[in-house]
Amino acid sequence: MEFRITRSELLRALTRIQAIVEKRNTMPILANALIEAEGDKVFISATDLDVGIRGAYGATVVGKGSITVSARKLYEITRELPEDETVTFRTEENDRVGISCGKIDYKLVGLPPEEYPGLPKGEEKNLVEVQASTLRDMISKTLYAVSTDETRYNLNGLYVETDAEKGVMKLVATDGHRLALVTRKVEGVDLTKFDQGVVVPKKGILEVKRLLEEDDEPVKIGFRKGHAVVKKKDVLLVTRLIDAAFPDYNQVLPKELKFTLKVEREPLLASLRRVSVLSSDKSRSLRMELGGGRLVISSTNPDVGEAREEIAVDYDGDALSIGFNARYLLDAIGAFDEKDVHLSFNDELSPMKLHPAADEDAVAVVMPMRI
Amino acid sequence: MAEPAARVIVHIDMDAFFVEVERLHDPALRGKPVVVGGDPDGRGVVAASSYEARKFGVHSAMPLRTAKRLCPQAVFVQHHRGRYSEASEEVFDILEVFAPVVQPVSIDEAYLDLTGTERLYGAPDAAVTELRAHIRRKTGLPSSAGIGGSKLVTKIASGLAKPDGQRRVRVGDERAFLAPLAISIIPGVGKVGERRLREGGVRTIGDLDRLGRPRLEAWLGESGVWLWECSQGIDEREVQPGGDPKSIGRETTFWEDTGDAEFLESTLHHLAERAASRLRRHGMRARTVNVKFRTSDFRTSTRARTLKAPSWRDADLIPAALELFRQLFHDERGGRAKVRLLGAYFSGLSREAAQMDLLEGERERREENLIRSVDAIRDRFGDGAIVVGKVIRYLEEE
């Protein structure tokens with residue numbers, strides 16, 4: 001196998017797979033990228049058996065074939081090569097790889113491609129096209145709430161649900177303390193092609209997010225038979241789904257809320273950040289006190305000191321004093337992007353609901369702390 | 001600036017505490033001379049003695065053999081630390097509800113600051129009478145108290161009021177109250193100090209008063225100043241609130257060693273339940289659950305488990321304790337060991353804010369209401385008033 005490829009194209013390919021290649025070394029070959037040359041394209045793939053990505057890149061193929069080689073080393077090498085140069089890549093005896101660029105030569109030890117396990121098998125049929133910006137927005141408003149607690153396996157991903165009748169797609173995330181839910185209309189898409197309710201693991205979502213952040217190219221997505229597939233022009237991303245039931249989030253969404261408060265988002269975020277400097281390291285708790293037309297945010301750390309900040313608000317409900325994890329409020333409000341935010345609640349021990357003032361379809365629910 | 005109101009301080013001291021606790025467990029000990037400490041022919045010392053035994057000259061820290069010689073008719077009983085700390089906690093629970101500031105001095109002794117409670121409780125004498133009666137009703141234990149304006153005076157007054165009495169020294173009456181008393185009654189004047197003062201012709205606190213501050217200072221330096229202040233009843237030390245407990249637990253020693261796993265689990269469940277209820281009364285959560293276990297050959301093992309998050313819920317604490325017990329019991333000769341003592345302890349205590357669960361929120365809230373109701377019933381009618389089925393066996397057999 002031999003091909004020539006521009007440094008920039010090779011770097012683009014290798015950057016895409018860096019987060020996927022296995023770092024824990026359970027199977028050494030998973031630290032490698034699979035490189036295949038055929039026609040006028042080079043295909044570069046990586047997988048950790050849960051998530052896999054395969055991209056096609058323009059190249060001049062001199063001789064077709066395939067090899068696997070350390071994805072990390074190849075990336076580090078390519079990054080250091082001079083810009084605007086062409087790289088020649090060829091296989092040699094004993095699964096060795098020669099890389100040359102002008103007067104620079106590398107020899108890398110590879111592993112035979114026959115041993116490479118291949119990508120998770122997703123079904124590429126029945127994909128539906130979604131705007132990159134829509135999906136990007138939905139992910140950024142929910143991803144923060146995904147649980148990282150490995151004992152709560154069913155919460156370790158984003159729940160994707162569609163309602164074909166209403167023509168909407170929903171993303172939901174929760175870690176058991178808070179929940180994020182975004183509902184968006186997906187225009188001109190036949191949602192009946194989706195399976196109902198799947199949980200996409202966080203690592204897969206992070207890869208999707210990276211793809212979406214590259215450009216505004218629309219993507220095609222599908223969820224079938226235990227896998228999620230995302231296709232964009234010349235790249236295919238497949239991720240295994242989490243095989244566990246997501247909790248019934250509708251039960252958790254507060255239905256009737258007695259009090260609502262409208263606050264400017266940016267100043268509220270800034271106050272929360274200032275006060276959280278002195279929230280206890282362990283619990284990260286802060287207190288929100290409401291009453292008499294003002295919101296007082298305060299924190300106490302017995303070892304360090306205390307902080308207090310007052311915000312004038314339009315509120316005439318009951319006097320309340322509610323404890324929250326500062327991190328949860330910052331995450332939720334930070335993920336919104338409009339001028340004002342609505343906070344609604346019932347009492348000290350019930351969940352608070354937050355949403356951007358003009359967007360009731362992007363919701364965060366945060367459970368209080370007992371203080 | 002206005003003159004600050006006179007302080008109202010109470011020194012409360014349980015009477016022959018260990019002995020009285022033993023009498024609760026064995027009413028046959030009432031009215032008899034009792035010595036707590038163990039085998040009178042062994043090498044131990046007296047931990048406590050009843051007033052009946054004290055008449056014969058028995059006192060704490062005396063070798064048990066000497067005590068037996070002085071009072072051969074005394075009943076000698078083993079020392080049960082668990083029983084005393086449990087009873088002590090019950091007493092302190094009462095004190096803490098009653099007084100705004102409680103300073104524990106030892107297992108059976110505390111200073112209370114009642115300044116400013118007159119409107120709530122009325123005159124201090126009546127309030128303390130009621131407090132002592134309440135302690136007696138709830139725990140069955142007698143106590144004595146001194147009431148006054150300083151720690152020094154109340155401590156001396158409670159000593160004079162014993163047993164089962166109380167004495168008030170009004171602010172302004174301190175000098176007259178103290179004058180006839182022997183100098184050795186002052187806490188801090190030991191044998192050496194007493195001898196030195198006697199050599200100088202000082203026998204009573206009144207003698208100190210008559211000598212006057214300049215002469216005492218010239219004679220004894222700083223100690224002289226302090227002694228003179230004592231003679232005037234001057235003692236500015238404040239009642240300092242005690243800190244939070246480091247661990248909360250319950251243990252029990254069986255009348256007879258037992259290898260009955262079901263009975264042991266029933267017992268541990270009961271102990272953990274009571275400890276958890278106490279934890280909640282302190283408004284604290286525990287991160288670590290500990291189980292303590294002593295076999296018939298006197299070997300003690302403990303095992304601990306750290307919870308995912310600090311908790312005060314029975315549903316987190318009790319199963320963890322039972323699980324630890326099963327491990328320990330199994331590891332001790334494959335479950336064939338005989339157990340002498342069993343205890344459940346919670347440590348890693350904090351008042352940190354606790355995150356509530358969103359998915360379990362409703363269930364958690366209902367459970368909390370239930371726990372609070374159960375705690376309230378127990379506070380009112382005692383620990384045995386409401387129990388889970390598993391504990392009945394323990395309550396029936398012990």
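So that the names make sense, note that chain A is the first sequence line, chain B the second, and so on, each numbered from 1. As the structure is a computational prediction, the values presented were derived from the model and not from experiment.
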The interface call for Leu286(A) against chain B, heavy-atom contacts under 4.5 Å, is neither
Give a yes or no on this: more than 12 heavy atoms of other residues, nucleotides or ligands lie within 6.0 Å of atom CZ of Arg81(B). no
Pairing donors with acceptors under 3.5 angstrom, does anything connect the side chains of Thr115(B) and Asp113(B)? yes
If you measure only the distance, is there a donor-acceptor pair under 3.5 Å linking the side chains of His330(B) and Arg326(B)? no
Where on Asp149(A) is there a heavy atom nearer than 4.5 Å to chain B: the side chain, the backbone, both, or neither? side chain
When you measure from the centre of the six-membered ring of Trp312(B), is the NZ or CZ of Arg351(B) under 6.0 Å away and within 45° of the axis? no
Shortest non-hydrogen contact between Val101(B) and Gln240(B), atoms and distance: CG1-C, 4.3 Å
Have Ser271(A) and Glu309(A) got a donor and an acceptor in their side chains that come within less than 3.5 Å? yes
Side chain / backbone / both / neither for Thr174(A) at chain B, heavy atoms under 4.5 Å: side chain
Contact class of Arg284(A) relative to chain B, heavy atoms under 4.5 angstrom: neither
Structural part of Val365(A) lying under 4.5 Å from a heavy atom of chain B: both
Heavy-atom pairs under 4.5 Å with chain B - which of Arg287(A), Arg152(A), Gln251(A) has more of them than the others? Arg152(A)
Contact part of Tyr328(A) toward chain B, heavy-atom cut-off under 4.5 Å: side chain, backbone, both or neither? side chain
Option in Pro368(A), Pro351(A), Ser350(A) with maximal non-hydrogen atom pairs under 4.5 Å from chain B: Pro368(A)
